[in-house]
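Residue numbers start from 1 in every chain, and the chains themselves are labelled A, B, ... in the order their sequence lines are given, proteins ahead of strands. Any value given below was found using the heavy atoms of this structure, including those in side chains, with hydrogens, waters and symmetry copies removed.
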Amino acid sequence: GAETLRFSSQGDITSLDPYTIDETFTSGFLGNIYEGLVRRAPDLSIQPALAESWEMVEPTRWRFHLRKDVKFHDGSAFTADDVLYSADRVRAGASDFKNRLAPDTKVVKVDDYTVDFITATPNPIIHYQWGNWYMMSKSWAEKNKVGEPQKAGTGEEAYTTLHENGTGPFKLDAREPGIKTTLSANADWWGNAGRTDNVTDVVFTPIPNAATRVAALLSGQMDVIFPVPVQDIDRVEQSEGTHMIVGPELRTVYLFLDQFRDELLYSNIKGKNPLKDHRVREALYRGIDIETIKKKVMRGMSTPSALMVAPGINGFSEDFKRLEYDPAKAKALLAEAGYPDGFELGLDCPNDRYVNDEAICVAVTNMWAKIGVKVKLNAQTKSKFFEKVFAPKLDFSVGLIGSTPPSFDSLAPINSLHVCPRVSPDAAAWQEGEREKVSNGKSNYGGYCNPEVDKLAGQILLETDQDKRNALIKQTWKITTDDIAYLPLHQQWIAWGVRDGVELKQRPDDVFDWRYVEIKK
Amino acid sequence: MFSFLLRRLLQSAIVMLAVALIAFLMFRYIGDPVAQMVGQETSLTERAELRQQLGLNDPVPVQFVTFVGRILQGDFGLSYQMGQPVDTLLATRLPATLELSFMALIMASVLGVPMGVYTGLHPKSWLSRTFMIVSLAGVSLPTFFIGIMLILVFGVELGWLPTFGRGDVVELGWWSTGLLSVSGWKSILMPAFTLGLFQLTFIMRLIRSEMLEVLRADYIRFARARGLHNSSIHFGHALKNTLVPVMTIAGLQLGSIIAFGIITESVFQWPGIGLLFLQAISTADIPIMSTYLLLVAAIFVIINLIVDLLYYAVDPRLRADNASGGH
Amino acid sequence: MAAGRLARSIKSDMLYKFLTSPLTVCAAIVATILILCALLSPWIAPHDPFDTATVDLMNSLIPPVWQEDGDWTFLLGTDDQGRDLLSAILYGTRTSIAVGFIAVGLAVAIGLILGLLAGYLGGFVDGLIMRVVDIQMTFPAIMVALLIDGISRGILPREQHDQLALFVIILSLALSIWPQVARTVRASTMVEKNREYVQAVRIIGRPAIVIMLKHVMPNVLGPVLVIATINLGVAILGEATLSFLGVGMPATEPSLGTLIRIGNNFLFSGERWIVIFPGLTLALLVMSVNLLGDWLRDALDPKLR
Amino acid sequence: MQETDAKPPLLAIKGLKVEYPGRLKTFVAVEDVALQIRHGEILGLVGESGAGKSTIGSAIMGLLDAPGRIAEGAIELDGERIDNLGAEAMRRIRGKRISMIFQDPLTSLNPLYTIGRQLTETIRTHRSVSADQARRDAIALLEKVGISDAEHRMDQYPHQFSGGMRQRVVIALVLCTDPDLIIADEPTTALDVSVQAQILDLIKRLAAERNAGVLLVTHDMGVIAETATRVAVMYRGRVVETGETQQIIHAPTHAYTKSLIGAVPRADVKLERFPRVDFIEGSGKPAPQFDVRSHWLGQGGSATSPERTVRSTPLVEMNDLGMRFITHRSVFPRRRRYFDAVKDFTLDVKNGEVLGLVGESGSGKSTVARVLAGLYRESAGSINFDGKALGGQDGRREFGRQIQMIFQDPYSSLNPRMRVDAIIAEPIEHYGLAPDRRERETIVANLLDLVGLGQDAGRKFPHEFSGGQRQRISIARALATRPRFLICDEPTSALDVSIQAQILNLLKDLQEWLGLTMLFISHDLPVVRQMCDRIAVMRHGKLCEVAETEALFSNPQHGYTKELLRLMPRL
Ligand SMILES: Nc1ncnc2c1ncn2[C@@H]1O[C@H](COP(=O)(O)OP(=O)(O)OP(=O)(O)O)[C@@H](O)[C@H]1O
Ligand SMILES: Nc1ncnc2c1ncn2[C@@H]1O[C@H](COP(=O)(O)OP(=O)(O)OP(=O)(O)O)[C@@H](O)[C@H]1O
Ligand SMILES: [Mg+2]
Ligand SMILES: [Mg+2]
C-alpha cells in the first residue's frame, strides 16, 4: 500500500542543485533524487548506478558504459550527452564539486552510451568520489536556462534551487525551504524491479531543535529522526514504539594545535610557542582521558581514535594505538619542556556543530587543568567559531573540529590536513598576507609542517598500484602520529531514532538512503 | 494629524536607514557566512573569491550604499543558505508568525485583563495572591522549559496535541492560515500558550498596578455613587484609565513576540520568521538578517505608531495641543 | 532633626507595610538568603566549580543525595561535567544576580530618564528618543551583544578581553530592556504632565528636569516597577543565550542561566536535577523580587495604608 | 426617638462615629452625630472646614475613602439600616435612591469619556430607556442646569469644560435618576450667582415636587438662608446645633454658630478687614497674630514695598488677548472647529491693586488666569509684565517666581505622592528663599499655621485632607514663593467663613504692606466687594465692564452686571 516515510533531521538541504554545496546531508538527500554514474552501497562499497560498468582502458583513460533504460524525471532519456554536460557543469562556475574531476580531464563521448575520461596523470581512484557526483539533464538545463552552478546568495535565484530533474527513485512534489519537503516514488525508475523498500511518499521536516525532534519521534509523528542527542538515546530506546540505530561515523573529531606561530596566542608564555615542542604536544595528548569522555560525555557513543581517519576509510589501520592517558607523565613531560607550572592557552570550540562539542571542550579543559595547563575556553556558535579560527584569521591556540574524508580515502586528509600550508616551498606556513592563496594543506590550520609528509603526499597522488599506495599512506600516518601533528579524539557515533516497524540501513557516512527503508506498519 | 503622519513617515525612513546601518556594522561580528556556504574541501582561494562576489570585502560604506540602493529598487537579495529571494522567504513565513503572535496576545489579554482587574480590585484576597504568585511562573521559568514540558505532557505522554509544526494550512491568496483546520488549531494551542504566558503575567501585573492607582480616583467614587454596575465601573471607567501604559506594553510585547518569539518557534518548530532568523544567525546569512531586521523595524515603527494613535483615541486630554507643553 | 524624623517616619511607614505582609516578609527572607548565599559562595560552597582543576568528569551525572546512587559529597548531585551542582548554583547565582540586577537597574535608569524627557518635553526630543527606541527594539540583545563585543574586542588589546564578557552582557541586556521602560514612562508622563499638580509646580518655576524627577517620576513608577521586576528573570536567562553565542561568560564558569540551558538538554533523559535546581533557584529569585516589587509599589502609594 | 412618628424620616443618622485609622493613631473625623432628614426637607449642613461634613455624606453613601470606617452608630433610610448592607444591595440604593454630589466636581468626571456618555450611561443604568431617549433626556438635563449648546457639549470631554460647567454636569448626573435623597456637598462653589440661583431653584423644586430630601453642605450662609428648611452646624466632628434656618441665622444659641454668622462677609458695605470667627473651643491655638513687616513673607524678595510702588502704573497689561481651543479636529483645515474661550481681551492690572474678575460660569475667567500663568499659550494678542513682553521662554523664566497662581481645583493641583510640607517647601527651596533646611522647615510650619492647618498637617499626604484644607495647602504653596503678582482662581470657594476671613485678611495685608498685586477670580460677590479695588466683569469670553469696586456695586452699567448684583444671595 501507500507508505509514507516521515523523517526529520537537524537541518534542511541547502539547494536542489546537486553541485552547489558539497555537504553530507544535502548531497546524501539529493542522492535519492539524482544519481551518479556510481553509487555507494550501505556498506559504502562502490556499486554501478547510471554506469553499468567501467574499466581502465589505459592508465590515463577510464571508460564508462551507461545504463540504457534510464529516464529523467521529465521523461527524457539519459545519454552520454548528459554525462558530458554534467562533467562540464560540475567544473564550472561556483561548483563545490570541482575536485570530482580535474580541470584537465577530458570527457569524450564514444557513443550514446559510452563515455571516456582521459586524465593528464594516472588516477586509480577517479570514481571514488563520484558517489555524489550526480548526472543532470542537458536538454532540461537548456530548456530552463540552467546556468553554471552558483553559490546561494549570488546573482539571481537559480532555477535549480527549487527544481530538480534527476533520474533517481524519488521525485520532488513540493518544497518549502526550511519547513517541509515532500517527495514521491518515481514509478519510472530503472531500478524499480530490484527495490526492496515500500516507500511511496516521503515527507521531510527539518527540526533544528533536538528536544523537539526527539519529541516528534516519541509522539509518533516521525518515522526516522537524526541525530538523536546522546543523552536521549536511552529514552528513545526504552520508550515504547521507538528504537535507536547507532553506528560509528566516518567523521573524526580532533584538536588542532597552533604550531606555526612563534608566539602562542592567548598564553602567558611570551616570545615562544610551547606547542611547537613535541613534548608539550605529547603532554597534552596524554592529559586527555578519552575513555572517560567516551563514557561520560558521549555515553559510550564514540570510538576513541588514534588516527585522523576512521575505520572504513581507505588507509585506516588497527596498528595505530592511542598514547595512554597518563597525567603524571604529562606533567613530567611539561616540566621537561620547561613548563613545570604549566602554562595558559586558549581553546576554541563550536557549540552547535558536533555531538556534545562544548561538553567535550569543557571536559578537556578540566583535564588539562590537572596537568597544569590552564585553558581559556571559548565555545561559540559555528559561524563565529569558523570565522575566528579558520584561515585567514587563524585566531586560536588550540581548536576543536571534525572532518570526514570526502572520497573515503586517506589522501584527502593527508593533503588538506597534513601538508604544509604555504604557497611556495620556501615560504613560511600560513605566511601573513598569502593565506588565501594556500591550496595544499588548506585545512591544516595548525600549520603542521613536515617535508617528508609533503613528499609522500605527492607520491600517493600518483601511485596507481593499490598496495603500494596503501603502504605509502601507512607510512605517512606513522610519521604524523609520531609527530603528534594533531590530537585525534574520537569518531562520534551516528544515532538515528526510528519508529518501531520501520526498517532501514544506516550508512557510516550518515547518508540516509530511502531505497532501503521498509515500513511495516 | 496629516502632518503628524507625514512627519512620522519621514522619521520612519530615517529609522530604517539607521537600522540598516547598525545592522551592517553588526554583520562584521556575526561570523563568517562563507564557511557555511561551501564544503569543507573548498579551497581558500575559492572562499576568498566567493567573499569577494558577495561583496563582503568591500568597505562597509560601499556595502551599505549598495545595499540601500538595491533595497530602494525592491531587491532584498538572495539568502546565502537557501539561494532564494529573501523577501519571498520572509513573506511566506510571516503569516505563521503573525497568527501565533496574535493568538498569544489574545490569549494573554483574555486571561490577563480580567485577572489584572480582579487583583487590582481585591488586592488582599487569597485568589489575587494566588494569581500573583502563580502567574510568576510565566516570567521565572524559561520559555524553553515551559515549551518542552508542555510538549512532554500533552504531546508525548497524553498524545493530545501535535508536538511541532503548524498543522494543515489553507492558502488564502498570499496569506496562509492554520486557523481554518482542526489540526491548525490544535497545533497553535501550545506555542501560543507558551508565548502568551509571559505576556499574561506582564499584562496582569501592569493592570493591577495601574488599577490600584485608578480605583482611588474621585471619578470612580462618583461612578459608584451614581450606582453604575460594577462591571461598567471596573471594566469601563477604571480599566480604560489604565490603558495608556498597558497599551504601550502590549504593543511592545506584540512587537517583541512577532520579532523574537524565536525560542518558542524553535521549540515548536513553528515555521515562522523567528525560526528563519535563528537559522540565519547560526549560519551568518546576512541578507536574511538584514531584511529581517528591516522588517522588524517596520513592525515596531508601525506598532508604535498605532499605539501612539491609540493614545489619542483613548485619552482626549492628549489631543489638546493648546497647552504649551513643557518649558 | 526634623529631617531625621521625616526619614525615620518614611522608613517606618514602609517597614510597617512590610511587616504586616507575611508574603513580603517571606519573599524578603528568600531573596536575602539567595543573595547572601550567592555573595558568600566562595566561603560556603562545598566545592569551587569554577576551578577547572578540581572538576572531575568521573563524577558527572551523580544524582542528588536522596536518590539512589546519590553521594554525600554532592548534595544536589553533579552536572554533566562532574561539577557539584550546589556549588555551581551558588557561584552561578552570583554571576546571574550581578548581571540581572545591574542590567535591569541600568535599563530602568536609562529608560526612566529618556522616557521622562520624551513624554515631558514632547516635540522634537520625543520624536528623537522614540525613534531611537524603535531602532533599539529592532535589535535583540543577542545582536547588540555581538556588536558591542565585536567593537570592544576591536578597540581593546587582547589581554583585556577576559574582563569584557560581563560588561558586554550587562550593557547589551540593559540596552534591550530600556526601550520598554522608556515607552511606558513616556506614555504615563504624557498623561501626568497635563495634571494640575504638574502645572502648579511649573508655575513655581521649577526647571523641567526637577519636575520630571521629583513630581512626575514618583507618579509613573508603578508600571516601571512591574517592568523591572519582570525583566529580571528575562535578563538572567538572556545572559545564557549570549553565552551560547560566545559573547557571554565562558562555559567553564556557568551562570544560573547557563546551568539551566545546559540542564535543558537533560529534560528527556531523566537527569532532571540538572535543570530543576537551577530553575528552582531562578524561579525563587524572580518570584521573591517580584513580590518585593509589589510591596514596594504598594508602599510607595500613600493612599494604600 | 422617632417611635411616635407614624412614618419614619427619610434619613436618620444615629450616634454616628467615623474614624480614619492610621498606623500611629486613629483619627476620629465624626463623632456622636445624629441627624434626620424628612421627605421634602432640605437640611443645611454648615460648619468649620474639616469638621466632617463631607465625611458624613460619604458615610451615608457607603463610600468612605479607605481606610475610613463607621465605628459606631447607624444610618437608616426610610427606617431600614443601610450602613451594614452588602456591596450589591448598596449599589442598588446608590444613584437610584440616594445620590451624592461630591465636593470635588472637577475630578468627579471620568476624563476619558464624553459628558454625554457619562450621562446616558447613568440614565440607562437606572431606567430602561433607549439610547436615543437617554441622549435626549441628557440634553434636556444639561439645559436644565444651564449649559448652553448642550447638544454640542454632549460630545465634549470634561477637560474642555470650565469648573462651573463641570460642577453643573455633576449635578445633572445626580438629578438624572430622580433619587429620594440628594446629598449635595458644596454644589455651587464654582457657580456664578445666576446659575447658582437656577440650580438652587432646581433643588428646591425637586424637594417640593418629588418630596425628595436634601442634605445641603455649604459654606455660603446666603445659600443656606435661601434654600434650607433646617440647619445643622458642625464643629470639630460634632453637631453643635440644629434648628430651623431662621432661628439659626437670626438667633443662634451655640457660641460657634454665633461667631460664624457674625463673620459672614457683608455685601452691602465695604469693610477694612474681614471679621474673624473668634470662637475657639478648648485649648486650641488662637489664630496666629500676624505682622507682615516682620514676617518672612515680607522680607526680601521681589514684592515691592508700597512706598516704592506707584499704584497707577500697570503691572500686567493684556492686549487683545485671545485664546481659542480646537473642538473638532480634522485633517482638512476647513472642517476644523474652534471655540474662542477668550477674545479681544484688553485689561490692565495695576501695581499693588486687587483686580476682581467676575462673570458667568464658563465665560473664560480661568482661561485668562491660565494664559497669564503661562499654562496656555495665547493664540492672539500679547501680555506685558512690568513693561516687558511675557511671551516666550525667557520672559517666563525671568518672571517665574513673581507670577503665581492658586488653582480653582485644589484636589488635582497637589502631587498625591508628596507630603504637604514638601509641597509647600518646594518653592522656598527652589528660589533659595531660606538660608538653610532648618529655617525652611520653620517657615513651612509657620505658613501652615497661617492658613489655619496647624504644623502637624505637614506630615500628611494631600488625600488625607478635606476640600477646604486642600485649598489652604495650595494657598500656602502659592504664598511660599513670595510672589509679586498672584492669580487667585476661586481661592476661598471651599472655605468656611472663618478660615476664609483669616486668609483674605492675610492677602489683604500682603497687598497693603507689600504691594502684592492680585487678580482675584470669584463668584462670591460679597467677598469680591471686600477684597477688590477694581472689578472686571466677563461674559462669553469678552470683557463687559471694568470699574472701581464701589462704583460698580452702586452703579452697574452693563446689563449683565446688574443681573448679577440682583441675584446675589443675602442673609
Ligand atoms: N482619607 C483620610 N484619611 C485621614 N483623614 C481624613 C481623610 N479624609 C478626611 N480626613 C480628615 O477628616 C476630617 C473631616 O474631613 P471632611 O472632608 O469630612 O471635612 P469637611 O467638613 O467636608 O471640610 P471642608 O468643608 O473643608 O470640605 C478632616 O480633618 C480631614 O483631615
Ligand atoms: N481645553 C479646552 N478645550 C476646549 N474648550 C475649553 C477648554 N478649556 C476651557 N474650554 C472652554 O472655554 C470656556 C471658558 O472656560 P473657563 O474655564 O475659562 O471658564 P471660567 O470662566 O473659569 O468658568 P467657571 O467660573 O465655571 O470656572 C468654557 O466654555 C470651556 O468649555
Ligand atoms: Mg468637605
Ligand atoms: Mg474657572
Colleague: Relative to chain B, which segment of A:T381 carries a heavy atom at a distance below 4.5 Å: side chain, backbone, both, or neither?
Modeller: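 Neither the backbone nor the side chain of A:T381 comes within 4.5 Å of chain B.
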Colleague: Show the nearest heavy-atom pair for residues A:R235 and B:L152, with the distance to one decimal.
Modeller: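 The answer is NH2-CD2, 4.1 Å.
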Colleague: Looking at A:S416, A:S15, A:A94, A:P208, which makes the most heavy-atom pairs under 4.5 Å with chain B?
Modeller: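 With the most close heavy-atom pairs to chain B, the winner is A:P208.
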Colleague: Would you mind listing every salt bridge (charged side-chain N to carboxylate O under 4.0 Å, His left out) that reaches into residues 88-99 of chain B, with sequence neighbours excluded?
Modeller: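 Listed by first then second residue: B:E99-B:R166.
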Colleague: Tell me the residues of residues 154-161 of chain B whose non-hydrogen atoms fall below 4.5 Å from those of chain A, in number order.
Modeller: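 B:G155, B:V156, B:E157, listed by number.
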Colleague: Locate the shortest heavy-atom distance separating A:K384 from B:Y29; write the atom from each residue and the value.
Modeller: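 Nearest heavy atoms, A:K384 then B:Y29: CE-O, 3.2 Å.
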Colleague: Against chain B, label A:K98 side chain, backbone, both or neither, depending on which of its atoms sit under 4.5 Å from a heavy atom there.
Modeller: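 Side chain only.
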Colleague: Could you give all pairs that pass the side chain to side chain donor-acceptor pair (under 3.5 Å) test and reach residues 255-277 of chain B, with sequence neighbours left out?
Modeller: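 For residues 255-277 of chain B, and leaving out neighbouring residues, the side chain to side chain donor-acceptor pair (under 3.5 Å) pairs sorted by first residue read A:N209-B:S266, B:T97-B:E265.
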Colleague: If you take all heavy atoms of B:G83 and A:E157, which pair is closest and at what distance?
Modeller: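 Closest pair (atom of B:G83, atom of A:E157, distance): O-CG, 3.4 Å.
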Colleague: Side-chain donor-acceptor pair under 3.5 Å between A:E176 and B:T92, yes or no?
Modeller: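 Looking only at side-chain atoms, B:T92 and A:E176 do not form any donor-acceptor pair under 3.5 Å.
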Colleague: Could you pull out all residues at least two apart from A:D223 that satisfy salt bridge (charged side-chain N to carboxylate O under 4.0 Å, His left out)?
Modeller: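 Residues passing salt bridge (charged side-chain N to carboxylate O under 4.0 Å, His left out) with A:D223: A:R6, A:R499.
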Colleague: Can you say whether A:R213 sits under 4.5 Å from chain B via the side chain, the backbone, both, or neither, judging by heavy atoms?
Modeller: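 Answer is neither: A:R213 stays 4.5 Å or more from chain B.
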Colleague: Under 4.5 Å, counting heavy-atom pairs only, tell me which of B:Q53, B:E46, B:Q81, B:Q84 racks up the most with chain A.
Modeller: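 Max contact count across the listed options: B:Q84.
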Colleague: Between B:T45 and chain A, which part of the residue has a heavy atom less than 4.5 Å away: side chain, backbone, both or neither?
Modeller: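 The answer is both parts of B:T45.
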Colleague: Sort out for me which of B:I148, B:V267, B:L89 touches chain A most, counting heavy-atom pairs under 4.5 Å.
Modeller: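 Of B:I148, B:V267, B:L89, B:V267 has the most heavy-atom pairs under 4.5 Å with chain A.
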Colleague: Heavy-atom pairs under 4.5 Å with chain A - which of B:P162, B:A96, B:G165, B:P287 has more of them than the others?
Modeller: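 The answer is B:P162.
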Colleague: Relative to chain A, which of B:I286, B:V86, B:T163 shows the most heavy atom pairs under 4.5 Å?
Modeller: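 Most heavy-atom pairs within the cutoff with chain A belong to B:T163.
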Colleague: In this structure, which one of B:R47, B:R51, B:E49 forms a side-chain contact (heavy atoms from CB on, under 4.5 Å) with A:E436?
Modeller: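 So, applying the side-chain contact (heavy atoms from CB on, under 4.5 Å) to A:E436 and each of B:R47, B:R51, B:E49, only B:R51 qualifies.
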